[in-house]
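Take a look at the structure below.
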Amino acid sequence: MESVAISLTWGFNKSQFKPESGLAERYAHYFAIKPLICTPNRDDYRHLLAGWIIPAGLTAQRPRRPSLQSCLDHFPLFRIDFMKRARAIVPLLSLIVMAAVVVAARSDEPIKTGSKQTDIEKIIELGKNDNRVMEHLEHLSNRIGPRLTGSDGLQRACEWAVEYFKSMGIENAHMEQWGEFPVGFERGPWFGRITKPVEENLMFGTNAWTAGTNGRQIGYAIMLPKTKAEWEAAEPKMKGAFVLAPRAARRSGRGRGRQNAGNQAAGGQDDDALSQAEATRMAQEAGIAGLVYPTRGDSGLIVTSGNYRVEWDNLPTIPRIDLLHTQWNSIAERLAAGEEVELEFDIRNFFKKGPIPLYNVIADIPGTEFPDEYVIVGGHIDSWDLATGAQDNGTGCSTTFECARLLMEAGIKPRRTIRFMLWSGEEQGLLGSRAYCQQNPDIVDKVSACLVHDGGTNYVAGIRCTPNMTAIMNEVFAPAMTLDERTQFTVEEVEALRGGGSDHASFIRAGAPGFFWAQAGRTSYTYVHHTQWDTYDSAVPEYQEHSSIVIALGAYGLAQLDEMLPRDMMNARGTGGRGPRRGGRTGGGRSGDGGGGDGF
């Protein structure tokens, strides 16, 4: 018996006394009992008989009897007077004690999903009153910072995650190697400015696995030549220059056809024209200091990416700079007007000789009845490195940590194992989760559900499932549906579980039920996703706290089911295709871009 809840009727009032509350040590055995007699005059029966109740087995030692005034301090709603002890009350007292034992015994009965209602209450109470999800996010994004796959930052994050899981009391937390990269990459400080004809700081970024400048470099700006004639005029100035190159058009057969037709219509200059790829190669061979590209669109966002497929014996040597497009346009206009523009860049990018071992982080709360069956909760611990990876995916890692902490603090003993996983290599193509599924097919066959949080800081607002899962999911997530009146949680029925761009897709591809949370809220995920604004201050604390509770409730409810989730209607075909990058931004009017309303 983990807790006892005894309800006593006080005239027209009701009070609940719970020994697990803060008053348990002092008042667990002090009860003021009122005769349950219906009379026309309520005031005639305000008198109470004060006495002791010591249920068998509840405690082995009677505490010091508290003063009546201290009782009144903690029970201000009830006025306690005294009358002589009446023998007629003794049978009533016995009945109440017996009823309390019956109520306590019944309170441990599992709900239909197998979860204990008292356990659910513990998870919710801890999640609302002692939530530490933002502490996890602060450490991960501010103290550790960016966590590019193959970097020292990622290694530190994985090592810290293991120790943090262990500090919760999870004994088997560990790192599991899934692969390696031939070359690592480390990003240091970067700085750039216009030095002539005016002084202006530049806002820019570089992709990962891009060369740095080897210290401060100053050079003139030159437009990338479009024709052989332009090349001949610019070639003497190329060495040490920063070349402004237009953003390459997105590749498509239709687009190339239109471009070729346009060139021919412009006057048949094909024989003199230089392709951008050819002009870029010639500029690099001439010894330029760097290539400067404009960012896309008018949003002011600098989006980071990168190609890890580099070789130590053939490393990139020319910096490739993504400059805010308004500044790029301003420089281009000055050059077109005949002005000389001088640029200065200092970009500290470094390569690290591999092989670089790469890891996933794994931690289990073992199952009591089905230890070889799993409910997986997780997100990816790697990030791009222009910012600190707060929403992509520090927010998902922090809710995973908090889910684990809430369940451990509540003393939860799930029927099947709840496995917490933080994958790396996600940004390079779901590499860590895909390798895990390929290397552990026997475990994947025993995965009942994989819950992935990777949609940013907007709150978890729903889950999508196949028709044969709908009734089960509605029961599992019933506590989440009434968790907060400001939010809604819905179970959405879909024809099949689809993949997309996060780690749940690896499990679906391997035949296990993978789920990507639907999210809603006031923040724009597009604004931070892979951009310079993916920092700690972009996260919403109340959203993070709410999501951590919902995820913990879902993990526990699924772990308590009598059977694993069904797989016969998953229809996993095509899950590796061109699905949405983030499932939390599609369907049901919920949007990671703020389309679902703010909720809080």
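We're numbering straight along the sequence, starting at 1.
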Quick check: closest heavy atoms across [X] and [Y], and the distance to 0.1 Å?
| X | Y | answer |
| --- | --- | --- |
| Phe420 | Cys403 | CE2-SG, 3.8 Å |
| Val198 | Arg334 | CG2-NH2, 4.0 Å |
| Arg187 | Thr304 | NH2-CG2, 4.2 Å |
| Ile356 | Gly150 | CG2-O, 3.7 Å |

Side chain of [X], backbone of [Y]: donor and acceptor closer than 3.5 Å?
| X | Y | value |
| --- | --- | --- |
| Asp382 | Leu154 | no |
| Thr399 | Gly396 | yes |
| Asn207 | Arg320 | no |
| Thr490 | Glu492 | no |
| Ser398 | Gly394 | yes |
| Ser547 | Val460 | yes |
| Thr531 | Trp533 | yes |
| Tyr543 | Arg522 | yes |
| Thr149 | Gly425 | yes |
| Thr457 | Gln391 | no |

*asked:* Within the supplied structure, the quantity of interest is the number of heavy atoms (other residues, nucleotides, ligands) at a distance under 6.0 Å from Asn474 CG; does it exceed 12?
replied: yes
*Does atom CZ of Arg348 have more than 12 heavy-atom neighbours, drawn from other residues, nucleotides or ligands, at distances under 6.0 Å?*
no
Carboxylate-amine/guanidinium contact [X] [Y], below 4.0 Å:
| X | Y | value |
| --- | --- | --- |
| Lys128 | Asp484 | no |
| Asp322 | Arg247 | yes |
| Arg216 | Glu344 | yes |
| Glu138 | Arg143 | yes |
| Arg156 | Glu159 | no |
| Arg193 | Glu199 | yes |

Mind checking the [atom1]-[atom2] spacing from [X] to [Y]? Nearest 0.5 Å is all I need.
| X | Y | atom1 | atom2 | result |
| --- | --- | --- | --- | --- |
| Ile321 | Tyr293 | CD1 | OH | 10.5 Å |
| Phe191 | Phe345 | CZ | CZ | 10.0 Å |
| Leu301 | His530 | CG | NE2 | 12.5 Å |

*What do the steps show when you test His136 against Tyr164 for side chain to side chain donor-acceptor pair (under 3.5 Å), and what is the final call?*
CA-CA 9 Å; His136 317 323; Tyr164 192 59; 3.0 Å; yes
*asked:* Set out, in order, the CA-CA distance, both residues' side-chain angles and the distance that settles side chain to side chain donor-acceptor pair (under 3.5 Å) for His453 and Asn393, then state yes or no.
replied: CA-CA 8 Å; His453 186 200; Asn393 183 32; 5.7 Å; no
*Aromatic plane relationship, Trp178 with Phe181 - under 30° parallel, 30 to 60° tilted, over 60° perpendicular*: perpendicular
